[in-house]
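Note sheet for the following structure.
Only a predicted model underlies this, so the values are computations on that prediction, with no experimental measurement involved. Reminder, nothing fancy here: chain letters follow the sequence lines and each chain counts from 1.
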2 protein chains.
Amino acid sequence: MDLRHISFRLLEVFMSVVKTGSISETARRLHLTQPTVSLQIKRLQEAVDEPLVIMQQQKLHVTEAGHELFRTCQRVFGHFDDYNDFLAELKGGERGRCKIAMVNTAQYILPKLLGPYSNLHPHVELPLEIGNRAEVLARFERGEDDIYVFSHPPSLEHAKAARFLKNPLEFIVPTDHPLANQQHVTLSELVKYRFLLREPGSATRMLFESELQRRGLVLSNSVQMASNEAIRVAVSSGMGIGVLSRHVLPIGDHGFKVLTVSDASLASHWYFVIRTDRHIAHAARSFLTFAQDHLEQYLDGRWVRNELHGLNLSLADQQIC
Amino acid sequence: MDLRHISFRLLEVFMSVVKTGSISETARRLHLTQPTVSLQIKRLQEAVDEPLVIMQQQKLHVTEAGHELFRTCQRVFGHFDDYNDFLAELKGGERGRCKIAMVNTAQYILPKLLGPYSNLHPHVELPLEIGNRAEVLARFERGEDDIYVFSHPPSLEHAKAARFLKNPLEFIVPTDHPLANQQHVTLSELVKYRFLLREPGSATRMLFESELQRRGLVLSNSVQMASNEAIRVAVSSGMGIGVLSRHVLPIGDHGFKVLTVSDASLASHWYFVIRTDRHIAHAARSFLTFAQDHLEQYLDGRWVRNELHGLNLSLADQQIC
DNA sequence: GTTAGTTATAGGTTATTATCTATGGGTTGA
DNA sequence: TCAACCCATAGATAATAACCTATAACTAAC
């Protein structure tokens, strides 16, 4: 039996012939002519090298080989129906995966969106990758993920970015620090103290340093630390001043004090970033649409900057091609 | 997803791509060129309307949709493999059915062949039809069965017949009949008595009557009976003389006596008959070959006339077209 | 930076498929 | 016997599939 040149259309026609028990009737149902169906069946029989139906006293009689082939076809089409269901879910964003890579700071706020989304779409896998800016950037270059979360989006040609949340920076000091109880502090006062900072590539540090440079200020003393947690703990134990995203600060007193700096309001934004030169997973589209619709609901409304509309619009355009 | 124009070849190529993880490698294995495979995959993706494999850092990566399609294909090919096994058995005569229609008298001897055959090929169905000559002839005309067993084969154009067993006729009389103990009896002596005969169409009766006509003899008195059993019983109870196939006579004394008629040796033959204008079931070929090889083994060698060779030879020729 | 290996694309040829219309031949039932 | 069905076959055509070669473009490794 040579399956090679047998198409599913052929099997469809054959099944109809078995079901209706008539070549003419099949032709009518499938909007074909009777000779077409006749010939199709003949071709199939040649491929199988065995008669599938025989005329017997003016009635079409299905042979054993034909019967068994019919059963085989039923099973086969069953599997393809299943596959179609799967595809439908996949395309509808109900199934599949959406790999997200994010910078460290974002790990505190993205779950607030991912949780509700995941509950709504339980069949969507959501693997998360967390790294510093350099690491996430490298992943972006290699196109390893579906969605990237940055502050300071990379300005590469085949990237599309959209802000979704303001990321205000806060200065924190130990509770026993000289500035801890001062009403208004200025940036120039602060730089005399020792600072605890993330690595040079980090968005937080870049933002802070560019502000210092703009103002012609220089830090007298700074220590580099590998994570936001490390900085928080170090500040609490009196090692110096920390500059941290508002979103990573726990609510309530935790051994440090947030300063009100009168002459500096530092803030960056988080962006959802996608590559436009790659196929975008349906689940990723689905998540971004969800985010656009529910940012205000699940994130603190004070900081939300919902600019996802344009991104989703351009994705919808792309979908057509 | 539009299956219509997807052939199994296409799925085969796709499966190989998934298995090898490479388009070039697949091309080499399937003796195609790389662009051919590339294009096939593209076509398949268009049919599914969803990427199945994507290039990621110089490596082919199978998408979710691709993976699921692969699994679907595995199942589908599994079913067709099963079907191929089924076909192989069918074509080898190991499976299927062989419908045999036979005249009444044959029912006593054919089972001696069918039994051993059935044991050898347990998956072959062997439905039997038994009727008088007219009935079997009608079935033959309509082509309802695969093999027919006649004495006096119908001489129709698209029929092929082969003798396999001699069918000698015997005259039986009640044990208390005047002729019962006579050494030699002649036909002309017999016709004075009452005869018990089958219906006019039956081969036995036709043979007997044509012999009478040839000799210019006329029966003085005859009674028609519907079955060989009825005749046997009637003879035993003294109703007259019977003419029966040797093969339907039980061995040993059963209330009647077999005469030795010196001037008449009546015998017909049983034939296997098939229609040559129809497809011959593999099981039927298989049975006829079996019969050719084992006639002498399972039937009384004295009567066997094995002329199946020619029949099977012409069947083998036909098989080619 | 050259080579070797990969995939993608363009352009072309040939074989096959998927259709059709027209027609012939056989059955059935009025 | 004739109309109304059925199926099979012939002959024709347009679309498409299935391939090819040549070539481009990219990446990894030497």
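- Note on ring orientation: taking the six-membered ring where Trp is involved, the planes of Phe150(B) and Tyr148(B) are parallel (angle under 30°, cut-offs 30° and 60°).
- Using bins of under 30°, 30° to 60° and over 60° for the plane-to-plane angle, the ring pair Phe80(A)/Tyr83(A) lands in the perpendicular bin.
- Closest of all the heavy-atom pairs between Ile147(A) and Cys98(A) is CD1-SG, 3.7 Å.
- Aromatic ring pairs are classed by plane angle as parallel below 30°, tilted from 30° to 60° and perpendicular above 60°; the pair Phe14(A) and Phe70(A) is perpendicular.
- One atom, CD of Gln56(A), and another, C1' of dT28(C), lie 18 Å apart when rounded to the nearest Å.
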- request: Dump the intermediate steps for side-chain contact (heavy atoms from CB on, under 4.5 Å) on Asp49(A) and Lys91(B), then the final yes or no.
  value: CA-CA 10 Å; Asp49(A) 190 25; Lys91(B) 291 184 185 178; 3.5 Å; yes
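- Note that the first and last nucleotides of DNA chain D, 5' to 3', having any atom under 4.0 angstrom from a heavy atom of chain B are dA17(D) to dT27(D).
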N/O-N/O pairs, protein side and nucleotides 12-19 of chain C side, under 3.5 Å:
from, atom 1, to, atom 2, distance (Å)
dT17(C), OP1, Arg43(A), NH1, 3.1
dA18(C), OP1, Ser7(A), OG, 3.4
dA18(C), OP2, Arg43(A), NH2, 2.5

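- Between Arg4(B) and Ser7(A) there is no side-chain heavy-atom pair separated by less than 4.5 Å.
- The aromatic rings of Phe164(A) and Phe272(A) lie parallel to each other, their planes meeting at an angle below 30°, with 60° marking the opposite boundary.
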- prompt: How far apart are the C-alpha atoms of Arg43(B) and Glu46(B), what are their side-chain angles, what is the distance that settles it, and do they pass the salt bridge (Lys or Arg N to Asp or Glu O under 4.0 Å) test?
  reply: CA-CA 5 Å; Arg43(B) 261 200 342 115; Glu46(B) 272 162 20; over 6 Å; no
Contact list (N/O, under 3.5 angstrom) for nucleotides 2-7 of chain C vs protein:
from, atom 1, to, atom 2, distance (Å)
dT6(C), OP1, Arg28(B), NH2, 3.4
dT7(C), OP1, Ile23(B), N, 2.8
dT7(C), OP2, Ser24(B), N, 2.9
dT7(C), OP2, Ser24(B), OG, 2.1

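- Arg139(A) and Glu135(A) are not joined by a salt bridge, as no carboxylate oxygen comes within less than 4.0 angstrom of a charged side-chain nitrogen.
- Among the heavy atoms of the strands lying under 4.0 Å from Lys42(B) are primed sugar atoms or P, OP1, OP2 only; no base atom is included.
- Residues Leu110(B) and Val149(B) are in side-chain contact: their nearest non-hydrogen atoms beyond the backbone lie under 4.5 Å apart.
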